[in-house]
Structure formats: structure tokens, C-alpha cells
Amino acid sequence: MNTKIKILAFVLLLSMLGCNHKEKKDAILLTPSLKNEFKANFLIGTALSENQILEKDTMEIALISHEYNSITPENIMKSMFIHPQKDTFNFKITDKYVAFGEKYNMFIHGHTLIWHSQLSSWFSELKDSTAMANAMKNHIKTIVGRYKDKMGSWDVVNEALNEDGTLRKSVFLDVLGEDYLTLAFKWAGEADPNTDLYYNDYNMTYPEKRQGANKLIKQLQEKGIKIDGVGMQGHWGLERPSLDDIEQSIINYAALGIKVAITELDINVLPSPWDLVGADVNQNFESDEKMNPYKNGLPDSVQTKFTKRYKDIFNLFLKHQDKISRITFWGVGDGQSWLNDWPIEGRTNYPLLFDRKLQPKPAYNAIFNLNPLNN
Ligand code: 9MR
């Protein structure tokens with residue numbers, strides 16, 4: 001489909017918002033969408049913010065339900081929100097998240113059960129291994145159990161590795177040692193045997209970190225612990241990681257006999273003078289005008305690079321579609337992205353397929369028609 005038709009189709013989608021239900025449905029069926037374009041290849045997902053889950057903006061929800069067939073909660077399932085006190089769970093908004101997925105017939109992913117960051121503070125007070133094990137077990141079994149048979153998959157453990165492939169220091173590692181990984185996957189599998197269990201991390205294309213992830217996954221497999229997939233967070237730049245590193249990583253993880261999901265995909269177009277890579281939100285730097293060069297718009301030359309980058313990585317994903325279960329963007333429009341505030345607050349970044357007005361960008365059009373199965 002050429003760009004002009006696609007833009008017309010999108011305008012049609014937006015204008016339909018004034019139509020009655022039947023007219024709206026008929027028009028949506030005519031318009032192209034990411035989920036239809038790649039329906040034979042992999043799921044196409046987005047992260048959802050709290051406002052999106054609450055369906056605050058009708059136009060945005062029409063777009064989300066039209067384009068994506070999979071969802072991940074950007075923040076609301078993290079322990080500090082869902083399990084704020086040892087004996088208190090907050091399921092109000094997470095129930096709405098799951099209902100959202102059911103309403104729009106989407107694949108529902110859970111993010112994330114065991115993570116050192118955005119962790120409820122009471123976890124850090126547990127110094128005794130029995131108390132920590134009981135707390136983790138209660139956390140995992142209560143949350144996974146509540147949504148049993150509704151979730152397609154869970155990020156059971158998130159970001160447990162350092163860049164050199166060793167295990168990251170955390171309260172879980174401190175108190176329980178390496179066993180915490182085994183226990184987390186074991187309890188998640190017991191709570192819902194029908195959901196896919198993932199290990200999810202950033203910089204998963206780095207050779208040393210890749211080795212560490214391989215080791216971690218193999219150790220679980222050797223113990224007979226269920227692990228179904230690995231999430232490669234796609235917090236990538238215009239040039240790094242190289243296509244070759246991405247490809248080798250996909251091949252390497254798939255060779256372990258598990259699914260590969262590309263999670264949290266966004267392409268950062270802003271300068272990173274500290275050679276900073278990854279997604280550790282604890283790294284923050286002072287604001288500086290030079291570091292926010294595109295606050296009035298993205299120059300054509302950068303837009304072209306950005307578009308090509310998305311096209312190249314989608315070509316790669318299609319080449320390895322037999323190994324990839326799901327591609328999830330870390331948000332819908334550029335205005336939503338965490339990259340506007342990391343590692344410097346208040347910048348204007350352009351990492352996603354839709355702009356701040358939720359209009360499709362050239363990169364959106366570029367990833368259509370790549371698919372040999374559709375042409
Ligand atoms: O996008 C999330 C942002 O809104 C939060 O402030 C941040 C806090 O840690 O987490 C962001 O999402 C992270 C994800 O949950 C795990 N991988 C790294 C992501 C970006 O930091």
C-alpha cells in the first residue's frame with residue numbers, strides 16, 4: 001500500500017470518530033494496521049500508560065485497538081504500585097488493564113514480577129531468607145494467580161544482569177542468592193501453568209550480557225524449571241546496536257529452544273555524550289540546551305535515518321519471524337515516551353511510530369510492504 005493511501009486511510013480512521021458504531025467498524029475493517037500487516041508473523045504490541053488503560057482519550061483508544069493486538073502495562077504492575085505494603089495489594093487499575101485486553105481481544109502481557117527497580121520499599125526490609133522467600137512467593141502467586149488463564153505471558157524476572165553478564169546486586173540476590181531466579185520462575189509456573197514465562201532485560205545484544213543471559217536460562221532449563229521466552233528490550237539508537245548484533249542475539253536465544261520477544265522497542269534520536277547505553281533509570285544528567293537539539297521538530301536528515309532504522313530492523317524481524325513471538329513498542333505516540341525524560345529531563349525525543357498528535361510518521365509507512373507473506 002502506498003503512503004498516500006495509507007494517510008487517507010488514517011484520516012478516515014480519525015474522521016470515523018463521529019460515526020455511529022456500525023459505520024465505524026466497517027471503516028476500520030478497510031484501513032491498514034500494524035497488527036494486520038504482521039498478523040502472519042508476530043504479535044504487535046504497545047505499552048499502556050494508566051491514562052490509556054482508563055480510556056481517557058477516545059481517539060487514542062481507537063488508534064490503539066486498531067493498530068495493536070498485544071499490550072504491556074508500562075508501570076501499573078510494578079511492585080510499588082500493585083503491592084505497596086506487605087499485606088496490601090492494589091488491583092483496581094490492574095484489573096482494568098486486564099479488562100482492557102479482554103475488551104479489545106488482545107494478547108495480555110504482565111510486566112513485571114521481580115525487579116530491583118520501582119520495588120516496594122518493604123521488600124528491602126526483609127533480611128532473613130525465609131521471610132524474603134515467603135514474601136516473593138506471596139507476591140508472585142497472588143498476582144499471577146489472580147489473572148490465571150487471562151495472561152498470555154509474564155516478565156517473571158526483569159533486568160537481573162549487569163552489562164558484564166554477572167548477576168546484578170539486588171535485595172533478592174543479597175538475601176536468597178542465585179536461587180531467587182529459580183524460585184521466581186517456579187512459583188510463577190505453579191500459579192498459572194498456561195502462561196508463558198519470560199526473562200526480560202536491556203542490552204541483550206551485548207556479547208558478555210548475552211553470555212550471562214544464556215547461562216541464566218540454561219541453568220533454569222537444567223533444573224527442569226519452566227522458562228518459555230526471553231524479552232530483548234529494544235531501547236536502541238539510530239546506529240547501535242548493529243543489525244548483526246541484533247541478528248546474532250535473536251539466533252542465539254532461539255537456539256535455547258525458547259521464544260524471543262522484542263520488548264520495549266523505541267529508537268532514541270537524541271545525543272548521548274556520555275556514551276550511555278541501556279535503560280537504567282537511575283542514571284540522570286543535568287539539562288543542557290545542546291542536548292535537546294530537536295525541540296522544534298526533527299530535521300529531515302534525522303527523520304530519514306530513523307525511518308531507515310525501523311525499516312532495517314523490521315526486515316530483520318521478518319527474516320527471523322519463526323523465532324519471534326511478539327514485537328512491543330514502548331508507547332504509542334512520541335509524547336508518551338520515557339525517553340523525553342531520560343537520561344535528561346524535559347527533552348523532546350521522537351522514538352516511536354506515531355508523533356505527538358498521534359499521526360503516523362514516515363517510519364510507520366516504511367515498515368509496511370516488507371512482508372513477503374503479504375505481497
Ligand atoms: O517507561 C517507564 C517509565 O514511565 C518509568 O518512569 C520507568 C521507571 O523505572 O520505567 C520505564 O519502563 C522501564 C521498564 O519498565 C523496564 N525496562 C526499562 C524501561 C525504561 O526505563
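Both ligands and their constituent atoms are indexed starting at 1 by order of listing.
Cation-pi geometry between Arg326 and Tyr198 is met: the NZ or CZ atom falls under 6.0 Å from the ring centre, inside 45° of the normal. Figure legend: cation-pi geometry between Arg356 and Tyr350, with NZ or CZ positioned under 6.0 Å from the six-membered ring centre and within 45° of its axis. Cation-pi check for Lys209 over Tyr202 is met; the charged atom lies under 6.0 angstrom from the ring centroid and within 45 degrees of its normal.
Under a 4.0 Å N-O distance rule, the pair Lys103/Glu55 qualifies as a salt bridge. A salt bridge between Asp334 and Lys361 is present, with a side-chain N of the basic residue lying under 4.0 Å from a carboxylate O of the acidic one.
Proximity of Tyr202 to ligand 1, defined as any heavy-atom pair under 4.0 Å, is not found for any part of the residue. Looking at Trp115 against ligand 1, only its side chain comes within 4.0 Å, counting heavy atoms. Residue-level proximity to ligand 1 for Asn75 is carried by the side chain, the only part with a heavy atom below 4.0 angstrom.
Close contacts between ligand 1 and Gln118 involve ligand atoms 7 (C), 8 (C), 9 (O), 10 (O) [criterion: under 4.0 Å to a heavy atom]. Set against the non-hydrogen atoms of Trp338, the atoms of ligand 1 under 4.0 Å away are 1 (O), 20 (C), 21 (O). In summary, the atoms of ligand 1 found under 4.0 Å from a heavy atom of Glu264, numbered by their order in the structure, are 14 (C), 16 (C), 17 (N), 18 (C), 19 (C). Using a 4.0 Å cut-off to heavy atoms of Asn158, the atoms of ligand 1 that qualify are 16 (C). Near Gln233, meaning under 4.0 Å from one of its heavy atoms, ligand 1 places the atoms 17 (N), 18 (C). Within ligand 1, the atoms closer than 4.0 Å to a non-hydrogen atom of Glu159 are 16 (C), 17 (N), 18 (C), numbered from 1 in the order shown. Atom numbering of ligand 1 starts at 1 in the shown order; those under 4.0 Å from a heavy atom of His111 are 14 (C), 15 (O), 16 (C). Ligand-side atoms of ligand 1 in range of Lys78: 2 (C), 10 (O), 11 (C), 12 (O), 13 (C), 14 (C), 15 (O), range being under 4.0 angstrom from any heavy atom.
Here the side chains of Pro241 and Trp236 are in contact, with some heavy-atom distance below 4.5 Å.
A ring-ring contact (aromatic ring centres under 6.0 Å, His included) with Tyr180 is found for exactly one of Phe185, Trp115, Phe172, Phe123, namely Phe172.
Between His139 and Phe89, the ring-plane angle classifies as parallel under the 30° and 60° cut-offs.
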